[in-house]
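In what follows, a structure is listed as structure tokens, so that the remarks can point back to it.
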Protein chains: 2
Amino acid sequence: MSEERKKFKRESAESRQEALILATLELVAEKGVRGATVRGIAERADVTQGLIRHYFSSKEELIVAAYEHHMNQMTDDTFAPGAAEGTARARLRAFVDGSLTPPVVDPRSLALWASFLNKVQQDPQMKATHERTYAYFRDRLEELIKAALEEAGRPAPPARLRQLSIACNAVIDGLWLEGGALPDAFEPGELVEIGRQSVAAIVELDLTQEAGKT
Amino acid sequence: MSEERKKFKRESAESRQEALILATLELVAEKGVRGATVRGIAERADVTQGLIRHYFSSKEELIVAAYEHHMNQMTDDTFAPGAAEGTARARLRAFVDGSLTPPVVDPRSLALWASFLNKVQQDPQMKATHERTYAYFRDRLEELIKAALEEAGRPAPPARLRQLSIACNAVIDGLWLEGGALPDAFEPGELVEIGRQSVAAIVELDLTQEAGKT
DNA sequence: GGAGAAATTATACACTTGCATAATTACTGG
DNA sequence: CCAGTAATTATGCAAGTGTATAATTTCTCC
């Protein structure tokens, strides 16, 4: 019954780093950044804690890497479905759909956002990542609205476009938040439908037609 | 230069508890629930840590008390301006205004919401408090929309009312979120104006007139 | 103004935390 | 197949954590 030293297998740096990052995201979503301890992360990744120091020079660095990984994932997930195909109106609709469908709308995604918020507002590097991602979303949405309005023969001045994009962004964010906070409160597809209708009402464009493609 | 024992003054249980709760909320907003240590809270309240145990049987209990205090405050702040006066349309407008004005829209308020999210989803007592508050807001909003539509001679069926209230709640939540996350990105009054316009567009009611009162 | 009680401070303890470093193990190249 | 190297594990440490308890101080009431 002598305590045996743990057997292990050498893995590539990339796969180990990714495994550590994924374990970190799991724990951060469950218990927050401080609750995601080095020991807990190591256990979740089936590794001993010393290994983390071998790949990341501090917990801080691991957290930052995990945050950037998550933000990139979110961006990819949002823009996956619609691509840049079709009319501006169709692209706008695809943007709404992508933003209001799992895995973007998800309790874990919301929990991660909430858990990172503190650190994001204090750490300059994380703040930069956040603002870059946020600006990307907003600009993209504003472009789509602009194009869709021009397409409909109703171009809008910049100030108006700003208001419309803030409002549409707010609906999407709000539905994202509620869908993540109360996942059982909505039928499948309900958030997407409400999102489409609301954006349509705000910009005064019909987003329901041409919907047979997906 | 002998170390002197700290002088102190006896205070009422109520004021001490409130001071401890306020100090807790400050620290939770800054560093999250785990970052708000018993020692940190005591220091912020200008008290030694042992006193906390005298008023709260555990840190957990203090956190729960602080959360309930905050939620009550949010409710009061939201419903303070509009009261239950005037037409349904005016009351709906007041609801939007109250939800999108400081101190409801505020970085600290958002940070508190985010910091508590984890615990809220796990602790049954906090979960109950959250759901009660959320349901209160949503029901109130749905009633207002229902009344405003009937007032305008355009009553809506329950399913439609549900969609409208979810959508309006989402715009308000989204603007609340963005206003708290990026306080310098919006002019004073801009969020309220966008919120009014968006709710107006969604429910198809003019919310700008009769606005001279505030 | 002094005794009793309650509020408050001070101290102690066991446990967790992030980080550092030493000891081992698995793989690679010859 | 064997040495060298880097990945991985194991161990240790100082600081911080919540909580328990003892020591003091302030206030109230007679």
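Chain letters run A, B, ... following the sequence lines, proteins first and then strands; every chain starts at 1. These numbers come from the heavy atoms of this one structure, side chains and all, not from hydrogens, waters or symmetry mates.
- Distance A:K59 NZ to C:dC19 P: 8 Å, rounded to the nearest Å.
- In this structure, B:R91 does not pair ionically with B:E143, as no charged nitrogen and carboxylate oxygen lie closer than 4.0 Å.
- For the atom pair CG (B:N72) and OG1 (B:T129), the distance works out to 8.5 Å, reported to the nearest 0.5 Å.
- Here CZ of A:R138 is found 12.0 Å from CD of A:E131. Values are rounded to the nearest 0.5 Å.
- The line from CG of B:L92 to CG of B:L141 is 6.5 Å long, rounded to the nearest 0.5 Å.
- Using a 4.0 Å cut-off, some side-chain N or O of A:R16 falls inside it from OP1 or OP2 of D:dT8.
- When the side-chain nitrogen and oxygen atoms of B:H54 are compared with OP1 and OP2 of C:dA7, one or more of them lie within a distance under 4.0 Å.
- Backbone-only engagement by B:T37 is indicated by non-hydrogen atom pairs under 4.0 Å involving sugar-phosphate atoms exclusively.
- Between B:I52 and A:R34, the residue anchored nearer the 5' end of DNA chain C, judged by the nucleotide with its closest heavy atom, is B:I52.
- Within 4.0 Å (heavy atoms only), A:F56 reaches no atom of the nucleic acid at all.
- Summarising the geometry, the separation between CZ on A:R5 and C1' on D:dA7 is reported as 11 Å, rounded to the nearest angstrom.
- Atom C1' of nucleotide D:dT24 and atom CG of B:L51 are separated by 14 Å, given to the nearest angstrom.
- In terms of polar N and O atoms assigned as donor or acceptor, the side chain of A:R53 never comes within less than 3.5 Å of the base of C:dA20 in a complementary pairing.
- Atoms CD1 (A:I41) and C1' (C:dG18) sit 11 Å apart, rounded to a whole Å.
- When the side-chain nitrogen and oxygen atoms of B:Y55 are compared with OP1 and OP2 of C:dA7, none of them lie within a distance under 4.0 Å.
- Computed from coordinates, the A:F8 CZ to D:dT8 P distance equals 7 Å when rounded to whole Å.
- Nearer to the 5' terminus of DNA chain C, by closest-nucleotide assignment, is the contact made by B:K6 (compared with the other of B:K6 and A:V33).
- Summarising the geometry, the separation between CD on A:Q17 and C1' on D:dA6 is reported as 15 Å, rounded to the nearest angstrom.
- Atom-to-atom, CD of B:Q49 to C1' of D:dT19 comes out at 9 Å; the value is rounded to the nearest Å.
- Ranking D:dA6, D:dT19, D:dT9 by closeness to the B:V38 side chain, first place goes to D:dT19.
- Between B:K9 and B:D46 there is no salt bridge, since no side-chain N of the basic residue sits under 4.0 Å from a carboxylate O of the acidic one.
- Side-chain atoms of B:R39 and base atoms of D:dG18 include a donor and an acceptor less than 3.5 Å apart.
- Rounded to an integer number of Å, the gap from A:E11 CD to C:dT25 P is 19 Å.
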